[in-house]
Amino acid sequence: MAKVSSIVIGPANWRNNSIKTVKLSQTIVQKSDKSNDLGRSLDPLPHMRDIVASLSNEEVRRYTRDVRVVVAKLRESILDTNEEIKSLTRGKEALEKCLEHIRKDIQLNKDSQAIRTTRPPRERDHDGADDLLNAERAHLINSKKQLEIQLRLVQQQLQVLDAARKRLFAVHQERARVVDLLCHADSSIVNAAANAEISDKKRALSALDGRVSVVDSSRLGVAMTDALGPYTPETDQALGEADEARSRSAYLRQGIRETIDTIERLQRAAHKLVNDGLVKKISETETLKQHLRVCHGENRHAIHRAQRWYDATELAWGYTLGPVMSSDLMTRERLDRPLVRVFQRHVGTQLPDAREIIKSGDGLLQSLNATSRNIGLMRLTEQKLLDDIRSKSAGSHIDSQVFHLRRSKANHRWCLGAAF
């Protein structure tokens with residue numbers, strides 16, 4: 001305030017009012033300056049709307065990126081589950097095919113046993129081929145039960161995988177609601193971030209096409225779940241359930257391969273064993289039939305020899321008996337021929353002609369009876385040999401039919417309803 005002369009002319013009130021006005025002005029000026037300084041540091045900027053929009057967009061993009069990671073993981077899990085369902089379905093088809101082969105082999109075994117029951121009664125005795133067929137049937141029935149149990153487990157696991165896939169798809173649909181492509185205009189402040197996000201998305205899609213996981217597993221887990229965040233507990237449970245179902249399915253597929261390999265190996269071994277047994281039975285039958293034929297030839301030869309001997313003995317017996325009428329006897333054949341009558345003029349002179357003739361005739365008759373009895377026995381034996389040969393031929397033919405039937409149907413390319 002400028003100095004005035006010591007002489008005060010104006011009134012004091014007038015002067016004091018002016019001084020108060022000056023001081024008030026100075027105070028207001030200082031307060032305004034302080035308010036301006038505070039406003040410079042605290043007041044929003046003129047482009048506050050753009051800044052707020054940018055911050056909100058960045059928050060949305062961050063949340064969307066995190067959700068996109070979860071969605072990628074869900075999509076990857078869905079694809080893996082689909083592939084596992086396809087693999088397990090192929091395993092199920094292999095099980096059904098193997099089960100069909102087992103059923104055909106059971107039917108073939110039943111038909112083989114039914115055909116062998118048509119053998120002649122002489123050949124129906126229980127043999128090693130019957131034991132092999134029974135053992136094969138028992139093995140096939142056990143294999144059929146084992147495959148049916150395995151098939152039931154596979155069907156149940158397919159249902160579990162389908163349920164896990166549906167749950168994954170539902171969670172994926174829910175999570176993917178915030179990853180839609182939006183058409184909007186951004187300020188120049190966020191253009192660089194948007195371009196970087198688009199590049200990240202392109203890399204993620206290209207990686208997904210190659211079935212390479214682009215998800216950082218360390219960002220997911222039970223500890224990272226948040227009911228209001230990108231990775232919800234429902235997502236974690238769906239992913240865990242799908243992983244567990246795929247693990248069980250992989251273990252089950254391994255069991256399917258081992259079961260099918262074991263059953264097919266044992267099935268081929270049993271089939272070959274039965275076929276070898278039938279071939280051996282056919283060989284034994286043919287060998288016995290050859291021996292029977294040789295024996296039959298020797299028997300026929302013996303019958304002819306015995307018949308010739310019988311004819312010769314019968315002729316000799318006729319010669320011994322002599323003619324039927326005594327008038328047909330020649331003088332030299334009579335017991336009272338002149339030479340004998342002269343000899344018998346002395347007392348006690350007897351000749352053994354009659355006694356020896358009778359004894360000889362009895363001996364020849366006994367020989368005839370014995371030879372006839374032997375011929376009858378040999379003819380009975382011949383009939384038995386012929387019956388045995390026919391039975392052996394029929395049995396060998398039936399076993400050969402069974403063997404050829406089993407060989408022709410070993411490839412399982414036939415219908416179960418076919419008639420035999």
Side-chain angles (χ1 to χ4, degrees), residues 87-159 248-286 392 394-420:
S87 300
L88 192 59
T89 302
R90 288 193 292 269
K92 176 176 173 287
E93 293 174 354
L95 273 177
E96 291 174 346
K97 183 178 180 181
C98 185
L99 185 59
E100 179 189 2
H101 291 175
I102 292 294
R103 287 171 177 165
K104 288 182 177 181
D105 284 340
I106 290 175
Q107 183 64 37
L108 181 59
N109 181 276
K110 186 185 298 184
D111 295 335
S112 300
Q113 290 182 340
I115 292 174
R116 294 196 86 232
T117 56
T118 61
R119 292 174 297 168
R122 191 189 298 270
E123 300 295 319
R124 290 182 187 174
D125 294 338
H126 193 83
D127 54 9
D130 292 328
D131 293 334
L132 291 174
L133 285 171
N134 291 332
E136 183 191 36
R137 179 175 178 79
H139 166 68
L140 291 174
I141 289 176
N142 291 333
S143 299
K144 178 175 174 289
K145 292 180 180 178
Q146 185 177 358
L147 287 175
E148 288 175 346
I149 293 174
Q150 195 81 5
L151 184 60
R152 195 176 302 114
L153 293 176
V154 170
Q155 291 173 345
Q156 294 175 357
Q157 186 61 31
L158 282 174
Q159 294 176 357
R248 289 199 304 268
S249 178
Y251 180 76
L252 189 59
R253 283 192 293 110
Q254 182 180 0
I256 289 173
R257 287 192 295 269
E258 294 176 355
T259 301
I260 291 177
D261 292 341
T262 302
I263 288 178
E264 287 182 349
R265 184 175 63 254
L266 294 177
Q267 178 184 358
R268 288 193 297 267
H271 189 82
K272 183 177 182 300
L273 192 61
V274 173
N275 288 351
D276 293 343
L278 287 173
V279 170
K280 188 174 182 181
K281 179 63 186 301
I282 294 171
S283 177
E284 292 176 356
T285 304
E286 290 296 328
K392 290 290 186 296
S396 177
H397 179 67
I398 290 173
D399 287 340
S400 298
Q401 284 183 335
V402 174
F403 175 73
H404 292 303
L405 175 67
R406 293 177 63 85
R407 286 193 62 183
S408 64
K409 296 189 174 182
N411 57 1
H412 303 102
R413 296 179 181 176
W414 51 281
C415 179
L416 283 173
F420 298 94

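Quick note: residue numbers are just sequence positions, from 1.
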Looking at every heavy atom in both [X] and [Y], which two are closest together, and how far apart are they?
{"X": "Phe403", "Y": "Ile282", "value": "CB-CD1, 4.4 Å"}
{"X": "Ile102", "Y": "Leu140", "value": "CG2-O, 3.5 Å"}
{"X": "Ala129", "Y": "Leu278", "value": "CB-CD2, 4.0 Å"}

What pairs with [X] under side chain to side chain donor-acceptor pair (under 3.5 Å), at least two apart in sequence or on another chain?
{"X": "Glu264", "value": "none"}
{"X": "Gln146", "value": "none"}
{"X": "Asn142", "value": "none"}
{"X": "Ser249", "value": "Glu84"}

With sequence neighbours left out, write down each residue that passes salt bridge (charged side-chain N to carboxylate O under 4.0 Å, His left out) with [X], or none if nothing qualifies.
{"X": "Arg248", "result": "Glu244"}
{"X": "Glu96", "result": "Lys92"}
{"X": "Arg90", "result": "none"}
{"X": "Lys145", "result": "none"}

Roughly how far, to the nearest 0.5 Å, is [atom2] of [Y] from [atom1] of [X]?
{"X": "Leu88", "Y": "Leu252", "atom1": "CG", "atom2": "CG", "result": "6.0 Å"}
{"X": "Glu93", "Y": "Cys98", "atom1": "CD", "atom2": "SG", "result": "14.0 Å"}
{"X": "Asn134", "Y": "Asn109", "atom1": "CG", "atom2": "CG", "result": "7.5 Å"}
{"X": "Lys144", "Y": "Arg137", "atom1": "NZ", "atom2": "CZ", "result": "10.0 Å"}
{"X": "Asp130", "Y": "Ser112", "atom1": "CG", "atom2": "OG", "result": "11.0 Å"}
{"X": "Gln150", "Y": "Leu153", "atom1": "CD", "atom2": "CG", "result": "6.0 Å"}

Of all pairs that satisfy salt bridge (Lys or Arg N to Asp or Glu O under 4.0 Å), the ones with a partner from residues 274-285, not counting sequence neighbours: Asp127-Lys281, Lys272-Asp276

Other residues, nucleotides, ligands: >12 heavy atoms within 6.0 Å of Arg407 CZ: no

Short N-O contact, Glu148 and Arg152, less than 4.0 angstrom: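 Looking at Glu148 and Arg152, the cut-off is not met.
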
Audit row: Gln155, Leu151, side-chain contact (heavy atoms from CB on, under 4.5 Å) steps and yes/no: CA-CA 6 Å; Gln155 291 173 345; Leu151 184 60; 4.0 Å; yes

Partners meeting ring-ring contact (aromatic ring centres under 6.0 Å, His included) with His101 (sequence neighbours left out):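 With neighbours one apart ignored, the set is His412.
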
Side chain to side chain contact (heavy atoms under 4.5 Å, CB included) partners for Leu132, two or more places apart: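 Counting only residues at least two positions away or on another chain, Leu132 forms a side chain to side chain contact (heavy atoms under 4.5 Å, CB included) with Leu273, Val274.
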
Ignoring hydrogens and angles, write down the donor-acceptor pairs under 3.5 Å from the side chains of residues 394-401, residues two or more places apart or on other chains.
residue	atom	partner	partner atom	Å
Ser396	OG	Glu286	OE2	2.6
His397	NE2	Gln401	NE2	3.2
Asp399	OD1	Arg116	NE	2.9
Asp399	OD1	Arg116	NH2	3.3
Ser400	OG	Ser396	O	2.8

